[in-house]
Amino acid sequence: MYSEKVLDHFRNPRNMGEIPDADGVGIVGNPVCGDLMNIYIKVKDNRLVDIKFKTFGCGAAIATSSMMTELAKGKTLEEALKITRGDVASNLEGLPPVKMHCSNLATDGLHAAIENYLEKKGRKK
Ligand code: FES
């Protein structure tokens, strides 16, 4: 049901945890299942220099968040905002259709964290 890549990111999640002095925080919930996601970002020169996640979500949410952080790290804010749940799923070699909604948490959380950062700086998305 799950690709080897999904299982690897579920068993060994990258960038899991919290950034206490984060520049932006995104907190989102999944209306389908009620699970929650927190994304923390550090920004320097318009680039995501660090990103971490904490989730009360399922295994697919953990794997997609882990992959999303790998895709987003080092990107400019504009590049990071273009990352879609489809990008995350294809880099994980696919997700079962019933689990696609879980990948929304990762990308929605990323976008919310960037918006939070831009708001604090008085900038627009
Ligand atoms: Fe809730 Fe996957 S079932 S995030």
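When a ligand or atom number is given, it counts from 1 through the structure's own listing order. FYI, side chains are in, hydrogens and waters are out, and symmetry mates aren't considered; it's all heavy atoms of this structure.
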Checklist entry - Can you tell me if an N/O/S atom from His101 lies under 2.8 Å from atom 2 (Fe) of ligand 1? => result no
Next on the checklist: If you compare all heavy atoms of Lys52 against all heavy atoms of Ile19, which two are closest, and at what distance to 0.1 Å?
Outcome noted: CG-CG1, 3.8 Å
Item to check | Side chain, backbone, both or neither: the part of Leu105 lying under 4.0 Å from ligand 1 by heavy atom | outcome: side chain
Item to check | Ile41 CD1 to Leu110 CG distance, which is reported to the nearest 0.5 Å | outcome: 7.0 Å
Checklist entry - Take atom CD in Glu4; do more than 12 heavy atoms of anything else shown fall under 6.0 Å from it? => result no
Checklist outcome for this item: With Arg85 as partner, the option from Asn104, Thr64, Thr107 fulfilling side chain to side chain donor-acceptor pair (under 3.5 Å) is Asn104
Next on the checklist: With a cut-off of 2.8 Å, does Cys33 put an N/O/S atom close enough to atom 2 (Fe) of ligand 1?
Outcome noted: no
Next on the checklist: Can you tell me if Met37 contacts ligand 1 (heavy atom of the residue under 4.0 Å from the ligand)?
Outcome noted: no
Item to check | Interatomic distance, Ile62 atom CD1 to Asn12 atom CG [nearest 0.5 angstrom] | outcome: 11.5 Å
Item to check | Heavy-atom nearest option to atom 3 (S) of ligand 1, drawn from Thr64, Val98, Asp35, Leu36 | outcome: Asp35
Item to check | Test log, rule side chain to side chain donor-acceptor pair (under 3.5 Å), inputs Asn91 and Glu70 | outcome: CA-CA 10 Å; Asn91 277 280; Glu70 288 216 312; over 6 Å; no
Next on the checklist: Give the atom numbers and elements of ligand 1 that come within less than 4.0 Å of a heavy atom of Ala61.
Outcome noted: 4 (S)
Checklist outcome for this item: One finds that the ligand 1 atoms under 4.0 Å from a non-hydrogen atom of Cys58 are 2 (Fe), 3 (S), 4 (S)
